[in-house]
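In what follows, chains carry the letters A, B, and so on, assigned in the order in which the sequence lines appear, proteins first and then strands, with residues in each chain numbered from 1.
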Amino acid sequence: MPPHVNDISTHLKTHIRQWIQDVFSTEFTDEIKLDRPPNPKLGDFAVGCFPLAKVLRQSPVNIAQKLAAHATKTNLIEHIQATGPYLNITLNKEEFSRILCHHILNESETFGNSSLGSGQMVMVEYSAPNTNKPLHLGHVRNQLLGMAVARLLEAVGYRVIKANLVNDRGVHICKSMLAYQRFGNGETPKSTGIKGDHFVGHYYVRYEQAQKAEFEQWLVQQHVEWDTLEPHQKEQYEAQFLKESQWYAAALDLLRRWEEGDAEVIALWQKMNQWVYEGFNQTYQKMGCEFDTWYYESDLYKSGKELILKGLSEGIFFKKEDGSIWVDLTDQNLDEKILLRSDGTSVYITQDIGTAVQKFKDYPLTKSIYVVGSEQNYHFQVLFAILKKLGYTWADECYHLSYGMVYLPEGKMKSREGKVVDADDLMAGMIDLAKISLKEREEERPIQAEELETISEIVGLGAIKYHILSFQPAKDIHFDPNKSISFQGDTGPYLQYAYARIRSIFRKSEQDNYVSLTPEADYSGIHHPKEIELVRKLFDFPEEVRIAAETYNPSRITTYLFELAKAYSQFYHACPVLNAENDALTQVRMVLCKATAVTLKRGLKLLGIDAPERM
RNA sequence: GCGCUCUUAGCUCAGUCGGAUAGAGCAACAGCCUUCUAAGCUGUGGGUCGAAGGUUCGAAUCCUUCAGGGCGCGCCA
């Protein structure tokens, strides 16, 4: 085998730089961007000469022509052509595919990985559930995003700490506890056969119902016609009611006793939270969520107070007449924000300040990422600004990975009103649909009962995960449970199907040599446009992983994988593998198939999606 | 009212540093299973990139204004 180029893009960029040096006697130090020409006939790569035009004070068309006239071929570079302001480069397909396939098959599980983040540790905080109700579609988005970003960062070399910050205290937790005290009759998840988080969530709903009934009765006593009120009047009445509500008072009393350490209340709290964790863990396991460390608000809710007092003594914060402590962020286009109440107790952001500091004490982090919905954009601006004022230089390395709201056809999800898509229901529903689809195909593709279960789970979950992750994080999702997720077209199962077809080819080959197949082959047979398009797509994967990781955007990967699977499906249709014209062509197409399978599996893995051996 | 954000085909979404003719999927219509899985492939129709200005050789992309949607503006979390 002739000596070959290790890194195709480095080879191209080095040569392009050399040509620029030769023709214009100028060293071009900026990044050279390799694009793809709009029409494959123009070449495999394109370089726009616009950045050069500025430096050289010549038209990009001229530059492209001069470079093309001077450019020299190599083993890899077959043809260079100027088309308008673009320098189009056509590679020798035998070399291109040979180098690439060797690389992919040798790398295998690590294809696409890089070392951008080596030596750096980053924390990704995600999920952040409340322990009074089950996980819903909003958590699903959060968790899929958190896991995908964690995996992407690992792929580019970061050491990643996945953290869960559990909201396990507060009046909302006490509400479900109170309802359980009053209606529970000693029932347990075990005695009722209900998953623990749903069991507790049921009592939270019972509380809300009871308080709502009390409210309606109260309105009658007040002689108020609710429907005729203006919004601000409604707010006034609601506030007034909360002061008089027996139910709310009882919940607050439980909270007070919890904070005092009342043994009976603590025991109940621990028992009910334990039920919830058991339920959450089932959901986490099914979704593929993992955590390296857990933070609990019950441990942290008083933290941050000392930091505020220290900041006060240093003149960073100020005290108002009533004794409350504030920070003035108006110089940063933000407002004044309260940090400690007049009675000296913490507010939400006080605790977040303490927790942020704690994370950096616990781990030598270089980055700290918060996966939290866009409704808290302002909160995090304020939080990071305060940390910076306190003098923490790492405040600049804190990043709010904000994601858009999830809307149902009837509007925003409201858990208090039961207007949610439950995470467990969603997954079970999609798995059922996948099972139905598999059964419909049972005649052509017989399937055993056990395999039916595992494959429908892989496919159903794949459909959800792909769909949710295919949106850019910042964008809102309008989700229709009945219509949004399908198994056809631009979907998770489409990618899984491409993978399953490859595995099927290997099973049908003389001996299933998927594992043992080496990249040794005669690549001179590669010439079909669909083969070449597939090779081009495979080449793009590492760059896509890099961009997705740097921008915390898994939807780059969904888009890429769909294009890869589409290129493969077209190849599959046009280019017989086992029935190719000759054995050498079969061999090299097998290599292409394996390279595709490796890449698909690796890409799906980054998204937390499994690749089924058959479907 | 103030701040942030979004608006691309009937629907759901891509579109990298401003660059070649704005792309997919779904839905609709027309084809393809005696060849490796038809959850697939091929083809057709479908666009004033919310509107108007501006910057630029060049704007879906940057700036301004406007319209419409969303989120936030608690001694809540």
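Regarding contacts with the backbone of B:U42, a side-chain N or O of A:Q570 is found under 4.0 angstrom from either OP1 or OP2. Put simply, A:R501 has no side-chain N or O that comes within less than 4.0 Å of OP1 or OP2 on B:C36. In this model, the phosphate group of B:A39 is approached by a side-chain N or O of A:R445 to a distance below 4.0 Å at OP1 or OP2.
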Its contact letters, B for base, S for sugar-phosphate only and - for none at protein heavy atoms under 4.0 Å, make nucleotides 6-18 of chain B read -S----SSSSSB-
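Across all strands, A:S569 comes closer than 4.0 Å only to sugar-phosphate atoms, never to a base (heavy-atom distances). Residue A:C575 is classed as a base contact, given a heavy-atom separation below 4.0 Å to a base.
Residues of residues 493-500 of chain A having a heavy atom closer than 4.0 Å to RNA chain B, listed by number: A:Y494, A:Y497, A:A500.
In terms of position along RNA chain B, the nucleotide closest to A:V47 lies nearer the 5' end than the nucleotide closest to the other residue of the pair A:V47 and A:P576. Heavy-atom distances to RNA chain B give each of A:A474 and A:R614 a nearest nucleotide, and the one nearer the 5′ end belongs to A:A474.
Rounded to the nearest Å, the gap between the P atom of B:U7 and that of B:C11 is 15 Å. Look at the P atom in both B:C33 and B:G18: the space between them is 49 Å, to the nearest Å. Atom name P, nucleotides B:U16 and B:G50: the rounded distance is 14 Å, in whole Å. Taking atom C1' in both B:G47 and B:G3, the straight-line distance is 33 Å, to the nearest Å. B:G23 and B:A14 have their C1' atoms separated by 7 Å, with the value rounded to a whole Å. Rounded to a whole angstrom, the distance from the P atom of B:C62 to that of B:G15 is 13 Å. B:G54 sits 15 Å from B:U61 when the C1' atoms are compared, rounded to a whole Å. A distance of about 10 Å separates the P atoms of B:C2 and B:C66, rounded to the whole Å.
Of the candidate nucleotides B:A39, B:G25, B:A77, B:A39 has the atom lying nearest to any side-chain atom of A:R441.
Ring-plane geometry between A:Y370 and A:F380 is classed as tilted, the angle between the planes lying from 30 to 60 degrees on a 0 to 90 degree scale.
Under 3.5 Å, the side chain of A:N88 and the base of B:A20 form at least one donor-acceptor pair of N or O atoms.
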Tell me, what's RNA chain B's dot-bracket, Watson-Crick or G-U with both distances under 3.5 Å, | for other-strand, [ ] crossing? (((((((..((((.....[...)))).(((((.......))))).....(((((..]....))))))))))))....
